[in-house]
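Computed from a predicted structure; not experimentally measured. In listed order, ligands and their atoms are each counted from 1.
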Amino acid sequence: MADHDVVVVGGGGAGLRAAVAIMETDPRLDVAVVSKVYPMRSHTVSAEGGAAAVIAADDSLDEHAYDTVSGSDWLCDQDAVEAFVREAPLELLQLEHWGCPWSRRPDGEIAVRAFGGMKKMRTWFAADKTGFHLLHTLFQTSLRYERITRYDEWYVTTLLVDENRVHGVVAVELASGLIEAITGRAVILCTGGCGRVFPFTTNGNIKTGDGMALAYRAGAPLKDMEFVQYHPTGLPFTGILITEAARAEGGWLLNKDGYRYLQDYDLGTPSPTPVLRSMELGPRDRLSQAFVHEQEKGNTVDTPYGPVVYLDLRHLGPEVIDAKLPFVRELCLQYERIDPVHDLIPVRPVQHYMMGGVHTDLDGATGLQGLYAAGEVACVSINGANRLGSNSLPELFVFGRRAGIAAAEFAAAQPTGPPRAVQTQAADERRRLERDLLTSRDGRERMADVRTDMQQTLEGCAGIFRDAGALLSGAAKLQELRERYAKAVVEDDSRAFNTELVAALELGFMLDVAETIVACAMRREESRGAHQRTDFPRRDDARFLAHSLVTRDPTGAPSVSYLPVTITRWPPGERVYGR
Ligand SMILES: Cc1cc2nc3c(=O)[nH]c(=O)nc-3n(C[C@H](O)[C@H](O)[C@H](O)COP(=O)(O)OP(=O)(O)OC[C@H]3O[C@@H](n4cnc5c(N)ncnc54)[C@H](O)[C@@H]3O)c2cc1C
């Protein structure tokens, strides 16, 4: 058993920022960073478009806050948003001081670009490889601290909890199969999102909602799980993201007739140049919904990989594309064999981000003592019913830092050493893994089949549009899948790099998360942001201006309740774009 002061689970943007914040708060503490992949392989590395924070002279914190609040369809907590917009510029400057090469204007000032739903230019970027540069910067900064111990390629399977307090985790070392308790006075979950519960997603294979399920199983509530973001422009076969920056630099969306169809959806009028507040720079929920309407009208193009529309960058010319969107060109050439300088890019909406996650306060504290969460796994909430593009990266740093400080202070005030009960729990978990998973068994049910069926079920009932009938049958199907999962076998009983074992554990977590998404979507009888119910097409503030909270009841089923939204300065209003 290894013992530390704070255990950070996750080595992405949120996890590394939290680890550094702990060191800055109290250099005597020692920190474990446990990650199922080498930290630089975390999903943060693939972020392209940029990070929002007020820096331009014509911008203000209030405008960033208002765009975020209205973009969220008034479901975010406004105190969280106010803290977020205030601290975001400080965090991005801090990253600059640690070495992040932000793109700059010719006069040397930080360059900013437009982004969907942001009515001022405030998205900082490092070409279209922003996440790569940010994660490198944080990773190299974390290397300065000797008291950060990394557990790379260790997979966390459970939280150790005694009397409503978290004391650490149990993890499998993937290289050897060793199962160990890693204890700490506080644990911070920074495990990212859960896009892989859907079949078609921009998310890497590792985004399986582990942290959400770990918290849920331990008794901490999840919040707003019904709010799933679709990004309007994914490549049709792979789901690889074509960043919103492509539209921010002036890209157009065209239907099968070459028509800029977004002008028909109350998102503004066509203009030859990118215009803030309009059309292609509308928020993601609206753009993804418009795609479905175009499909219904027969205006999309059928391909072997589903219906598509086109993203047109040709008028930008090779200079702009190579300077501002080199990665977009590279991805199109490599994965579609097309060159955006000359060709239209086929795109369709693709699952991208989870607005919901582990319920936390402004300092990352969850419903369990000693357990904190930050980043995409958490729901503070600043994203409400719809996240604005480029708000997620600064969220990692603002709330990763806050969670790090809070966890450091909590840990420093606790008596050392985990209670004895924790050792028994760790031994139980070791036995469970050995018995259930590492012992070869006969059986015909395959994990991969259960996973595929779960993903299809989620897309069928909890995609861009939902209704009661589909959600009810989705919930029943998930029950069935849970039974099939219990009978499914891991054929590989080897210890070293048992990827089948990891896939089985991930599937167990995803089934939990999928159930919470469907349960929350079923209960919310209104349409708000990314949650569109065809049977309840209007927003209903009287009943649902509230966060959904979901916990596991004693039978293991999800139980949904509601929590008021915090409103400080912006009463609910109409979401207006393009005017
Ligand atoms: C393709 C793409 C492009 C994006 N572009 C942008 C953008 O331009 N701007 C923007 O604001 N947002 C963007 N986003 C969203 C944003 O990048 C993510 O929300 C954010 O990076 C998530 O960071 P994180 O630190 O929360 O988690 P991640 O970076 O996903 O890291 C999760 C970490 O948790 C670890 N982990 C998970 N489960 C376990 C376990 N069981 N045991 C041990 N370790 C575990 C993983 O190893 C990993 O280190 C993009 C997302 C995608 C998918």
Side-chain angles (χ1 to χ4, degrees), residues 7-18 32-53 88 113 115-116 123-126 128-132 134-135 138-139 150-159 169-174 182 188-196 201-214 229 231 234-235 238-245 248 327 331 350-355 357-358 373-378 383 387-397 399-400 403 502 505-506 508-509:
V7 180
V8 178
V9 186
L16 293 179
R17 184 64 189 94
V33 174
V34 188
S35 177
K36 67 179 174 179
V37 295
Y38 191 74
M40 276 306 301
R41 296 176 66 93
S42 305
H43 192 73
T44 300
V45 80
S46 60
E48 300 167 24
R113 60 167 44 130
F115 237 70
T123 298
W124 306 32
F125 55 97
D128 57 358
K129 298 180 181 171
T130 309
F132 171 86
L134 284 170
L135 199 57
L138 276 169
F139 187 53
R150 288 214 326 275
Y151 292 80
D152 294 345
E153 300 185 328
W154 283 68
Y155 186 90
V156 172
T157 65
T158 195
L159 295 174
V169 302
V170 174
V172 183
E173 184 186 35
L174 297 178
I182 304 173
I188 314 180
L189 292 173
C190 299
T191 48
C194 63
R196 285 279 153 181
T201 173
T202 63
N203 286 193
N205 271 327
I206 59 172
K207 296 197 73 170
T208 48
D210 303 3
M212 294 172 184
L214 286 168
Q229 177 161 83
H231 193 293
L235 291 181
T238 52
I240 287 173
L241 178 77
I242 298 300
T243 171
E244 200 157 292
F327 196 42
L331 290 171
V350 52
Q351 192 286 341
H352 183 56
Y353 182 85
M354 272 305 284
M355 269 70 79
V358 182
E376 194 174 338
V377 67
N383 301 309
R387 170 178 76 94
L388 293 189
S390 74
N391 264 355
S392 170
L393 291 172
E395 176 179 0
L396 307 180
F397 314 132
F399 293 101
V502 172
L505 291 166
E506 287 176 339
F509 288 145

Within-cut-off N or O pair, P39 and ligand 1, under 3.5 Å:
no
Evaluate the ring-ring contact (aromatic ring centres under 6.0 Å, His included) criterion for residues F125 and F115: first the C-alpha distance (whole Å), next the side-chain angles of each, then the deciding distance (0.1 Å), finally the verdict.
CA-CA 11 Å; F125 55 97; F115 237 70; 9.3 Å; no
List the atom of L189, the atom of V377, and the distance in Å for their closest heavy-atom pair.
O-CG1, 3.4 Å
With under 30° as parallel and over 60° as perpendicular, where do the rings of H231 and H352 fit, or are they tilted in between?
perpendicular
Smallest separation among heavy atoms of P394 and A52, with atom names
CG-O, 3.2 Å
Nearest-0.5 Å distance, CG of residue L396 to CG of residue L134
8.5 Å
Can you report which non-hydrogen protein atom sits closest to atom 41 (N) of ligand 1, along with the distance?
D210 OD2, 2.8 Å
State the atoms of ligand 1, each with its element, that fall below the 4.0 Å cut-off from a heavy-atom position in G375.
26 (O)
Examine distances only and state if a side-chain atom of E244 and a backbone atom of G116 form a donor-acceptor pair shorter than 3.5 Å.
yes
Is there a heavy atom of G193 sitting under 4.0 angstrom from any atom of ligand 1?
no
So is T243 close enough to ligand 1, meaning a heavy atom under 4.0 angstrom away?
no
Atom 18 (C) of ligand 1 [closest protein heavy-atom partner, distance rounded to 0.1 Å]:
E376 OE1, 3.4 Å
Contact check, F509 vs ligand 1, heavy-atom distance below 4.0 Å:
no
Can you check whether S35 has an N/O within less than 3.5 Å of an N/O in ligand 1?
yes
Nearest 0.5 angstrom please: E173 CD to D152 CG, how far?
10.5 Å
Does the side chain of D210 come within less than 4.5 Å of Y155's, by heavy atoms?
yes
For the backbone of M354 and the side chain of E376, can you confirm whether one donor and one acceptor N or O come within less than 3.5 Å of each other?
yes
Looking only at heavy atoms, which two atoms of A245 and G49 are closest? And how far apart?
CB-CA, 4.2 Å
Which residue from S392, G49, G204, G192 reaches closest to atom 8 (O) of ligand 1 through any of its heavy atoms?
G49
For atom 44 (N) of ligand 1, which protein heavy atom lies nearest, and how many Å away is it?
K36 N, 2.9 Å
Quick test: of every protein heavy atom, which one is nearest to atom 35 (C) of ligand 1, and how far off is it to 0.1 Å?
G10 CA, 3.5 Å
Per-atom contacts, ligand 1 versus G13 - under 4.0 Å to a heavy atom
25 (O)
For ligand 1, which atoms, with element, lie under 4.0 Å from some heavy atom of G11?
33 (C), 48 (C), 49 (O)
Measure from atom 17 (O) of ligand 1 to every heavy atom in A47, G389, S46 and give the option owning the shortest one.
A47
Check whether any N or O atom of V37, backbone or side chain, sits under 3.5 Å from an N or O atom of ligand 1, and answer yes or no.
yes
Which ligand 1 atoms, with their elements, are less than 4.0 angstrom from a heavy-atom of T202?
53 (C)
Donor-acceptor contact present, side-chain K36 to main-chain I206, <3.5 Å
yes
Distance filter under 4.0 Å to E48 heavy atoms, resulting ligand 1 atoms
5 (N), 8 (O)
Need the ligand 1 atom indices (1-based, order shown) with element for anything under 4.0 Å from a heavy-atom of Y353.
19 (O)
Atom 33 (C) of ligand 1: of G234, C190, A51, the nearest heavy atom sits on C190
Short question: side chain of E48, backbone of F327 - any donor-acceptor pair under 3.5 Å?
no
Got a second to check how far Q351's CD is from C194's SG, nearest 0.5 Å?
6.5 Å
Atom 23 (O) of ligand 1: closest protein heavy atom, distance to 0.1 Å, is T44 OG1, 3.0 Å
Evaluating non-hydrogen atoms only, which member of A14, G50, G239 is closest to atom 7 (C) of ligand 1?
G50
Shortest protein contact, atom 42 (N) of ligand 1 (heavy atom only):
V156 N, 2.9 Å
Any nitrogen or oxygen of L241 lying under 3.5 Å from a nitrogen or oxygen in ligand 1? Just yes or no.
no
I'd like the name of whichever of V169, L393, L396 reaches closest to atom 10 (C) of ligand 1 through any heavy atom.
L393
Here the pair of heavy atoms bringing I188 nearest to A403 is CD1-O, 3.8 Å
So which of I206, V377, T191 gets nearest to atom 37 (C) of ligand 1, if we judge by its closest heavy atom?
T191
Rounded to the nearest 0.5 angstrom, the CD-CG distance for E395 and N383 is 5.0 Å
Is it true that R387 lies under 4.0 Å from ligand 1, counting heavy atoms only?
yes
Counting only heavy atoms closer than 4.0 Å, does ligand 1 sit against the backbone of N391, its side chain, both, or neither?
backbone
Atoms of ligand 1 less than 4.0 Å from W154 heavy atoms?
42 (N), 43 (C)
Look up atom CD1 in I242 and atom OG1 in T202, then write down how far apart they are to the nearest 0.5 Å.
11.5 Å
Got a second to check how far L241's CG is from Y353's OH, nearest 0.5 Å?
14.0 Å
What protein heavy atom is closest to atom 48 (C) of ligand 1, reported as residue, atom name and distance in Å?
S42 OG, 3.3 Å
Atom 53 (C) of ligand 1: closest protein heavy atom, distance to 0.1 Å, is H43 NE2, 1.6 Å
Pick from K129, H231, H352: the one approaching atom 50 (C) of ligand 1 most closely through a non-hydrogen atom:
H352
So the atoms of ligand 1 within less than 4.0 Å of a heavy atom of N203 turn out to be 53 (C)
Report yes if the side chains of F509 and R196 come closer than 4.5 Å at any heavy-atom pair, otherwise no.
no
